[in-house]
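Report on the following structure.
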Amino acid sequence: MTSIAKPPVRHPSSRTNGLGFVLRDYEGAMSTLCAGCGHDSVTAALVQTAWELDLEPHRVAKMSGIGCSSKTTAYFMKQSHGFNSVHGRMPSVTSGAAAANRDLTYIGISGDGDSLSIGLGQMSHAIRRGVNMLYVLENNGVYGLTKGQFSAAADIGSTSKKGEANQQPPIDPVLLALTLGVSFVARSFSGDKKQLVPILKAGISHKGFALVDVISPCVSFNDHEGSTKSYKFTREHEVESVHTDFVALRREITIPETQEDVSVVQMHDGTSVRLRATAPDYDPTDRESAYAHVRACQARGEIATGLLFIDESKRDMHDFMNTIPTPLVDVPFEKLSPGKAALEKLMDRYR
């Protein structure tokens with residue numbers, strides 16, 4: 001992966017977070033993506049998210065596959081762990097890493113090509129297993145790294161840069177995740193950092209699989225009049241389901257008297273997501289309503305954004321597998337591999 005080191009400049013008046021780090025401490029290498037790429041805006045949102053959450057960089061693992069999107073992990077939190085897997089295999093590699101060390105924070109970055117074609121089965125089973133991770137899908141509707149072919153996320157009728165119209169129906173990652181029983185799903189726009197940052201915070205703080213689909217326009221191959229993943233189309237058709245903010249419990253929560261339609265959703269780790277309904281009948285805890293809302297927006301040619309669904313009672317992979325609370329990396333080798341005699345005793349149960 002090509003990368004360029006940034007000059008180590010730190011302004012003396014820069015604000016620090018609870019760990020004493022400035023925002024620059026959460027950045028990575030210089031981006032080599034096209035100027036104006038939506039993925040770089042996602043990177044900026046991730047940097048701000050990690051800084052504001054006081055994440056310890058050495059306790060974070062950044063996971064990726066193949067594609068323009070998967071270069072993102074090189075551009076934030078340079079002091080964190082990282083693994084760039086083969087095409088579409090990021091979810092299974094993350095599942096294995098999470099099984100070995102449940103104490104790390106896992107952030108997976110993928111694209112619509114990496115996730116919805118070759119990696120579709122991988123992503124689906126990570127959702128089923130409830131792998132405890134933030135899964136960011138940078139969705140631009142094309143294979144940008146190979147010069148602009150339609151991806152599985154391209155809408156019917158949307159055109160390529162040369163004018164060819166797509167005839168195949170798209171796979172909507174939000175609807176797919178709801179169908180598979182995901183416990184957290186949201187959608188945002190790379191050009192809307194105000195909305196994206198709170199959603200990323202909530203996704204990281206959620207116990208279980210958290211999918212955030214981010215419409216992230218490809219400025220080189222899919223930002224034109226016929227594209228439904230362009231900056232212009234997304235800005236004109238974005239429909240925010242709920243106003244989303246993230247407030248950690250350790251901070252004082254102040255609700256102005258005029259803001260009466262606020263509900264606080266408690267997260268498993270003690271933090272919360274604050275939701276202010278803009279549509280009185282929208283309930284982000286109702287899977288059927290969320291599904292219907294996304295489909296209705298699609299029918300109107302709109303893009304539903306915001307926190308679309310959350311299930312607080314959902315368990316993660318470790319609950320399903322009844323794993324021990326101690327990360328496997330901290331278990332002595334003698335216990336992990338007790339030897340031939342112990343194996344023979346175990347096998348006797350199946351003979």
Glu344/Arg351 ion pair, N-O < 4.0 Å: yes

Q) Are Arg187 and Asp172 close enough for a salt bridge, meaning some N to O gap below 4.0 Å? A)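 Judged by the 4.0 Å cut-off on N to carboxylate O distance, Arg187 and Asp172 do form a salt bridge.
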
Only one of Asp213, Asp223, Asp155 passes salt bridge (Lys or Arg N to Asp or Glu O under 4.0 Å) with Lys229, and that residue is Asp155

Geometric cation-pi criterion, Lys62 with Phe83: 6.0 Å, 45°: no

Any side-chain donor-acceptor pair under 3.5 Å between [X] and [Y]?
X      : Y      : result
Ser158 : Asn166 : no
Ser241 : His293 : yes
Ser188 : Gln195 : yes
Ser64  : Asn84  : yes
Asn140 : Asn222 : no
Glu52  : Gln48  : yes
Glu164 : Thr159 : no
Glu138 : Ser110 : no

Given side chains that start at C-beta, do those of [X] and [Y] come closer than 4.5 Å, heavy atoms only?
X      : Y      : answer
Leu116 : Met123 : yes
Leu137 : Asp112 : yes
Arg15  : Trp51  : yes
Thr105 : Arg59  : no

| Using the benzene-type ring in the case of Trp, are the ring centres of Tyr26 and Phe76 under 6.0 Å apart? |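 Aromatic pair excluded; centres sit 6.0 Å or further apart.
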
Under 3.5 Å, is there a donor-acceptor pair between the side chain of [X] and the main chain of [Y]?
X      : Y      : answer
Asp316 : Lys207 : no
Ser337 : Phe333 : no
His81  : Pro57  : no
Gln122 : Ser92  : yes
Ser216 : His39  : yes
Arg102 : Asn132 : no
Ser227 : His224 : no
Thr72  : Ser69  : yes
His206 : Gly208 : no

Check the pair Phe189, Ser41 against side-chain contact (heavy atoms from CB on, under 4.5 Å), reporting the backbone distance first and the verdict last. CA-CA 9 Å; Phe189 173 41; Ser41 299; over 6 Å; no

message = Test side-chain contact (heavy atoms from CB on, under 4.5 Å) on Ile303 and Thr234; report intermediate values, then the result.
response = CA-CA 7 Å; Ile303 303 169; Thr234 305; 4.1 Å; yes

task: Treating Ile, Leu, Val, Met, Phe, Trp and Tyr as nodes and any side-chain heavy-atom pair under 4.5 angstrom as an edge, say whether Tyr282 and Tyr291 lie in one connected cluster.
output: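 As far as the 4.5 Å side-chain criterion goes, Tyr291 and Tyr282 are connected within one cluster.
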
Checking Tyr135, Phe309, Phe184 against Phe209 for ring pair (Phe, Tyr, Trp, His ring centres under 6.0 Å), the one that qualifies is Tyr135

